[in-house]
Trainee: 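Structure below; questions to follow.
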2 protein chains.
Amino acid sequence: MLMKKEVITPEVTIYDIASHLGLASSTVSRALQNNPIINKNTRKKIAAAAEELGYRRNNYAVNLRTQRTRTIGIIVHELKSHFITSVLAGIGQVAAQSGYDIIIGYSAESVVKEAANARNFFHKRVDGVIASLAMDTADLSHFQPFQDKNIPLVFFDRAEDQPNSTMVVIDNTRCGYEATHHLAQRGCRRIALVTGNRKRNVYEQRYQGYLQALSDNDIPFREELVMINDLDEKGGMQAAETILNMKDRPDGIFITNDFAAAVCMRQLQDAGIRIPEDIAVVGFNDDNICKLVNPQLTTIHYPGKEMGEIAARNLIDHLDGVTSISNASRIIVRSQLVIRESSLH
Amino acid sequence: MLMKKEVITPEVTIYDIASHLGLASSTVSRALQNNPIINKNTRKKIAAAAEELGYRRNNYAVNLRTQRTRTIGIIVHELKSHFITSVLAGIGQVAAQSGYDIIIGYSAESVVKEAANARNFFHKRVDGVIASLAMDTADLSHFQPFQDKNIPLVFFDRAEDQPNSTMVVIDNTRCGYEATHHLAQRGCRRIALVTGNRKRNVYEQRYQGYLQALSDNDIPFREELVMINDLDEKGGMQAAETILNMKDRPDGIFITNDFAAAVCMRQLQDAGIRIPEDIAVVGFNDDNICKLVNPQLTTIHYPGKEMGEIAARNLIDHLDGVTSISNASRIIVRSQLVIRESSLH
DNA sequence: GTGAAAGCGCTAACAA
DNA sequence: TTGTTAGCGCTTTCAC
């Protein structure tokens, strides 16, 4: 005996609609896709019958037949920042508009999980992938299967040049420069940099911007003022601790992540340091938290929603055949320094 | 001519494996499912061939054939809180362990979006649903299609009694009581309550707990000290404003959401009010933000991860036929008051 | 322990 | 404008 789950409402197929109306299943199929080749009246009748009978289309059958899933996979290195949720909102909106589903994978800054997500998406047969790389991703070979099957890849924020893929990024060098330059202009002469691993190019670029700004402001570079960590809660703590233990403390800090900056700031304040009077602080991302901490945090803002929209639009245009195949490109989005209390002394 | 996307690596099916090995496709299918009826050696050979040929199983075909998707849909009213991400982590872990996929829908506190997500999940043919209701959800009819098809439903946190569904919740009355009682014990005599719409039962219950604690501590209830809003940024602001405009300000506030509490606190501080000296504050949820604000926020903690695990385990056991069909039940999870600086004066 | 064959629900080429 | 039909890749009954 075939074990079947007790079904209360029976499943309605296009065949049921067809026989109900005395039509062929293909006519129903076409009508349900709003194919103009079918008589408008027939289309209406079919739509009504579908509604009436409680038809729900079986996407598994559709996907099996069409060999497409209308699904795009998104891999993000974190989930809780305002930036990432904005990007996801942007992608989601464009995708929904174009009739694509999205599935979200979370790497938690680990290549291993990133690769697992990529594998998962590959097996789910996504039509395209949008990704921001994890902190420690150096080898991109887990994206190879997509390349091999001509599945388009778009990177945003944390991106690396890849053959046949697009990237949507900000000018991190300029951001690093502006943040540092701002601190210098406010009178800081010992500017610390707390940032991520320089193997991740965004951090390398912010570092280069930092160096350039120091140089342009005639501030000598001091190795001991550069701290590299994961920019998480622990990273913020560590940075604060290191700074507290310095004989010559910095008078300005550029931390390339708002959350880490908030943690660090809090820690410094608990040790009696006044911000911005003793040490000015600049973060990165313009997360919601910036306006909640005391003093409010100066930071670099960049438009997450817009980046998401651009990434999705690019990918989907490609999938729908609107743009040509090999338009591997780099799209640079504007960013800006948002000055708040934490750097105004 | 059939339009086919240019395929670089051809797709491998069980037929390719079968003919490669001189076997029947059914044998391959069984072997790939690790069916013990197939000779162990044959199974090994088939696994090797699958690997070698780069086989990836087509879940769309599987789902079409088996009429199950091994997918569970999750609807959450928000995404960015620590509580929700913990729940999702808990569900995700149990689901992965049991070979289920999850898809996440976000209602942003709106019934309309909640219903849209439900519809979407229904059309995606999820095997089960886990949900926390939006702020303004009163009518649950958008879950009816699941009931009609015997698709199991589990609610967590924001739940309503429904026939044939399970709920995983905390004792909100007790939480409301404890928070209020704590403030009273610290000497507060005018305790404000900022909470969500009482049509959502969790808020009604916290309100009842508040009332009970007032009564037990011989504090008269004052209507003007109860503020109802959406507990978002705007809600926090509004509450602060209302309080600042009072002639007789409260000396304690219980805001049933940490983020709103943080916003409110900040606003009050900006107006020169000292916390906890002038006004003590208790939040709700034990979000990360509690430790970042100054002073650190007293709150109600409850175990998100565990609630997620319980919800998922329950649902999946049901789907896999481990538990009987109609065990509609209510599971109550422990919660506790976490005392920090914001209420210690 | 393995094979043959039907069919899940749909789309699209081809025919009418 | 509509109908006929093959087949997407898999599982599972039934037969051997």
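Values reported hereafter were calculated over all heavy atoms of this structure, with side chains retained and with hydrogens, waters and symmetry mates removed. In what follows, every chain begins at residue 1, and chains take the letters A, B, ... in the order their sequences are listed.
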Trainee: Any base atoms under 4.0 Å from A/Thr13, or only sugar-phosphate, or nothing? Heavy atoms, all strands.
Mentor: sugar-phosphate

Trainee: Side chain of B/Arg70, backbone of B/Gly99: donor and acceptor closer than 3.5 Å?
Mentor: yes

Trainee: Could you check whether B/Ser26 gets within reach of a base, just the sugar-phosphate, or nothing at all, counting any heavy atom under 4.0 Å?
Mentor: base

Trainee: Just how far, in rounded Å, is P of C/dA13 from CG of A/Asn35?
Mentor: 11 Å

Trainee: What do the steps show when you test A/Tyr100 against A/Thr71 for side-chain contact (heavy atoms from CB on, under 4.5 Å), and what is the final call?
Mentor: CA-CA 5 Å; A/Tyr100 277 81; A/Thr71 298; over 6 Å; no

Trainee: Using whole Å, what does the distance between atom P of nucleotide D/dG7 and atom CG of B/Leu64 come to?
Mentor: 17 Å

Trainee: Could you note down all residue pairs passing salt bridge (charged side-chain N to carboxylate O under 4.0 Å, His left out) where residues 30-50 of chain A supplies at least one of them, sequence neighbours left out?
Mentor: none

Trainee: D/dG3, OP1 or OP2 - any side-chain N/O from A/Thr27 closer than 4.0 Å?
Mentor: yes

Trainee: Please report the distance, rounded to the nearest Å, between CZ in B/Arg125 and P in C/dC10.
Mentor: 7 Å

Trainee: So does B/Tyr55 get a side-chain nitrogen or oxygen closer than 4.0 Å to the phosphate oxygens (OP1/OP2) of D/dC10?
Mentor: yes

Trainee: Taking the side chain of A/Arg57 as its heavy atoms from C-beta onward, which of C/dC8, C/dG3, C/dT11 lies nearest to it?
Mentor: C/dT11

Trainee: Below 4.5 Å, heavy atoms only, C-beta onward: do A/Gln147 and A/Gln162 meet side chain to side chain?
Mentor: yes

Trainee: If you check every side-chain atom of B/Thr42, which of C/dA5, C/dT2, C/dT11 has the closest atom?
Mentor: C/dT2

Trainee: Of all the nucleotides listed (D/dT11, D/dG9, C/dT2), which has the minimum atom distance to the side chain of B/Val62?
Mentor: D/dT11

Trainee: Kindly point out which of D/dG3, D/dG9, D/dA6 is positioned nearest to the side chain of A/Leu23?
Mentor: D/dG3

Trainee: Is there a donor N/O on one and an acceptor N/O on the other, under 3.5 Å, for the side chain of B/Tyr60 and the base of D/dC10?
Mentor: no

Trainee: Find the distance A/Arg56:CZ to C/dC10:C1' and express it as a whole number of Å.
Mentor: 15 Å

Trainee: Check whether any side-chain N or O of A/Gln67 sits under 4.0 Å from OP1 or OP2 of D/dG9, and answer yes or no.
Mentor: yes

Trainee: Please give, in whole Å, the distance from C/dA5 P to B/Tyr15 OH?
Mentor: 11 Å

Trainee: For B/Arg30, answer base if it contacts any base atom (sugar-phosphate contacts may also be present), sugar-phosphate if it contacts only those atoms, and nothing otherwise; contact means non-hydrogen atoms under 4.0 Å.
Mentor: base

Trainee: Measure from the side-chain heavy atoms of A/Asn39 and tell me the nearest of D/dT5, D/dG9, D/dT1.
Mentor: D/dT1

Trainee: Whole angstroms only, please: what is the CG-P distance between A/Asn58 and D/dC8?
Mentor: 18 Å

Trainee: Round to a whole Å and report the spacing from CD of B/Glu11 to P of D/dG7.
Mentor: 19 Å

Trainee: May I ask you to evaluate whether B/Thr66 reaches the phosphate of D/dT11, defined as a side-chain N or O under 4.0 Å from OP1 or OP2?
Mentor: no

Trainee: Consider the side chain of B/Ala61, meaning its heavy atoms from C-beta on, and name the nucleotide among D/dG9, D/dG7, C/dG3 that approaches it most closely.
Mentor: D/dG9

Trainee: For a 4.5 angstrom cut-off between non-hydrogen side-chain atoms, does B/Ile103 reach A/Asp101?
Mentor: no

Trainee: Going by an N to O cut-off under 4.0 Å, is there a salt bridge joining A/Asp161 and A/Arg330?
Mentor: yes

Trainee: Between B/Ile17 (CD1) and C/dT2 (P), how many Å, whole number?
Mentor: 15 Å

